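First up is the structure itself, then whatever we jot down about it.
Note that the numbering runs from 1 along the sequence shown for the chain. If you're wondering where the values come from, they're calculated on a predicted model, not measured in any experiment.
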Amino acid sequence: EDLENIYNKIGHYPDFIHVDIVDKTMCDNVVDVKTYRLETMKAYWPNTQIQTHIMSYEPAQWLDQVLPYSEVVYIHVECQDNVESSLKKIKKSGKKAGIALTMETRPEDVIGLLKKADYVLLLTIPNPGSSGQKFDTEGLERIKQINSLTFRNNFILCIDGGVNENIIGILDAENIVSGSSVLKNPDPKRQIMRLQTVGRYEA
């Protein structure tokens, strides 16, 4: 996307920058991935954590291009690659390994992989890959399930999908991603501060 335009909108207000890399294995109608933009992104936000969510059934092909510019890298448990091998490569690079879950995957079915994760990303929308969707209210129960895991303190939970100021206060997670709610707001920086305040102090 237009990184200069996004930077002008949000500046250094976000706690972290979350970027989605979506390829044709997961979404047919996407344009070709341009990973060189990650270098530009890191130049705009050199001191801000970059979280990269690889939305691909074959994430291993992107790791070498993503790792130099990302502190956290998420891959899907639903992917066709060897997930454990990818997690090991991420950690060997000195970065944090993340597992991404859609609403179709139950946490109890992937306990072994969740135990290896530094971060867990839960996508709380029906169709991952496109922005502007509404929050799936079943995600609240899924968050409870994840938070009840005996090893919950071993990872950071991140919620992504349909998050705005009306719902952020009831989301029990350390990290919250909000795209459309921020970038389509008339005052994106003010919206970021609103989300930060509600999320931290009014839950």
Side-chain angles (χ1 to χ4, degrees), residues 10 13-22 26-27 49-57 59 71-79 83 87 96-185 187-188 190-203:
I10 67 175
Y13 281 73
D15 299 301
F16 60 93
I17 301 295
H18 183 95
V19 56
D20 290 333
I21 288 182
V22 191
M26 191 167 280
C27 191
Q49 184 192 70
I50 304 293
Q51 297 187 7
T52 302
H53 172 200
I54 304 178
M55 302 187 69
S56 170
Y57 287 121
E71 283 71 47
V72 181
V73 179
Y74 294 103
I75 61 173
H76 277 263
V77 295
E78 300 92 355
C79 71
V83 177
L87 293 177
K96 299 297 185 182
I99 286 289
L101 298 173
T102 67
M103 290 297 294
E104 294 181 1
T105 300
R106 299 182 304 173
E108 59 266 31
D109 292 338
V110 290
I111 291 293
L113 291 173
L114 292 178
K115 285 183 175 179
K116 299 178 185 298
D118 301 306
Y119 281 68
V120 173
L121 177 68
L122 177 64
L123 302 178
T124 49
I125 47 176
N127 302 302
S130 57
S131 62
Q133 299 178 64
K134 288 187 177 180
F135 180 88
D136 185 340
T137 54
E138 292 183 14
L140 296 175
E141 183 59 34
R142 190 58 51 84
I143 292 170
K144 285 183 181 179
Q145 292 173 357
I146 293 172
N147 283 332
S148 69
L149 294 171
T150 56
F151 54 94
R152 171 63 178 87
N153 291 335
N154 295 345
F155 61 82
I156 289 173
L157 177 60
C158 183
I159 307 301
D160 182 6
V163 177
N164 56 38
E165 67 274 17
N166 297 320
I167 198 162
I168 192 171
I170 59 172
L171 301 180
D172 187 6
E174 294 91 342
N175 283 184
I176 304 292
V177 175
S178 187
S180 298
S181 166
V182 170
L183 295 176
K184 293 183 179 179
N185 193 281
D187 191 340
R190 188 184 185 95
Q191 177 67 356
I192 290 172
M193 289 190 290
R194 184 181 295 119
L195 291 168
Q196 289 168 331
T197 302
V198 173
R200 290 170 183 162
Y201 304 117
E202 298 184 15

Heavy-atom donor-acceptor pair, [X] side chain to [Y] backbone, under 3.5 Å:
X    : Y    : result
N147 : D172 : yes
R142 : T105 : yes
S148 : Q145 : yes

Looking at every heavy atom in both [X] and [Y], which two are closest together, and how far apart are they?
X    : Y    : answer
A97  : L87  : CB-CD2, 3.7 Å
C158 : F16  : SG-CZ, 4.5 Å
I99  : A117 : CG1-CB, 3.8 Å
H76  : L123 : CE1-CD1, 3.6 Å
M103 : G139 : CE-N, 3.5 Å
L157 : R152 : CB-NH2, 3.3 Å

Student check: side-chain heavy atoms of M193 and Q196 closer than 4.5 Å: yes

Any I21 side-chain heavy atom under 4.5 Å of T52 side chain: yes

[atom2] on [Y] to [atom1] on [X], rounded to 0.5 Å:
X    : Y    : atom1 : atom2 : answer
K134 : N164 : NZ    : CG    : 10.0 Å
L171 : I176 : CG    : CD1   : 4.5 Å
L195 : N166 : CG    : CG    : 9.5 Å
L140 : I170 : CG    : CD1   : 4.5 Å
Q51  : D15  : CD    : CG    : 10.0 Å
Q191 : K184 : CD    : NZ    : 13.0 Å

Qualifying residues under side chain to side chain donor-acceptor pair (under 3.5 Å), relative to S56, sequence neighbours excluded: D23, T25

For T124, all residues meeting side chain to side chain donor-acceptor pair (under 3.5 Å), sequence neighbours excluded: none

[X]: partners by side-chain contact (heavy atoms from CB on, under 4.5 Å), with sequence neighbours left out:
X    : answer
D187 : N185, K189, R190
D20  : H18, V22, H53, M55, D160
N154 : F151
I156 : Y119, E174, N175

Worked verdict on V177 versus V163 for side chain to side chain contact (heavy atoms under 4.5 Å, CB included): CA-CA 7 Å; V177 175; V163 177; over 6 Å; no

E108 atom CD, neighbour heavy-atom count above 12 within 6.0 Å: yes

Intermediate values then yes/no, side chain to side chain contact (heavy atoms under 4.5 Å, CB included), L149 and F155: CA-CA 11 Å; L149 294 171; F155 61 82; 4.2 Å; yes

Worked check of side chain to side chain contact (heavy atoms under 4.5 Å, CB included) between I146 and L114: CA-CA 10 Å; I146 293 172; L114 292 178; 5.8 Å; no

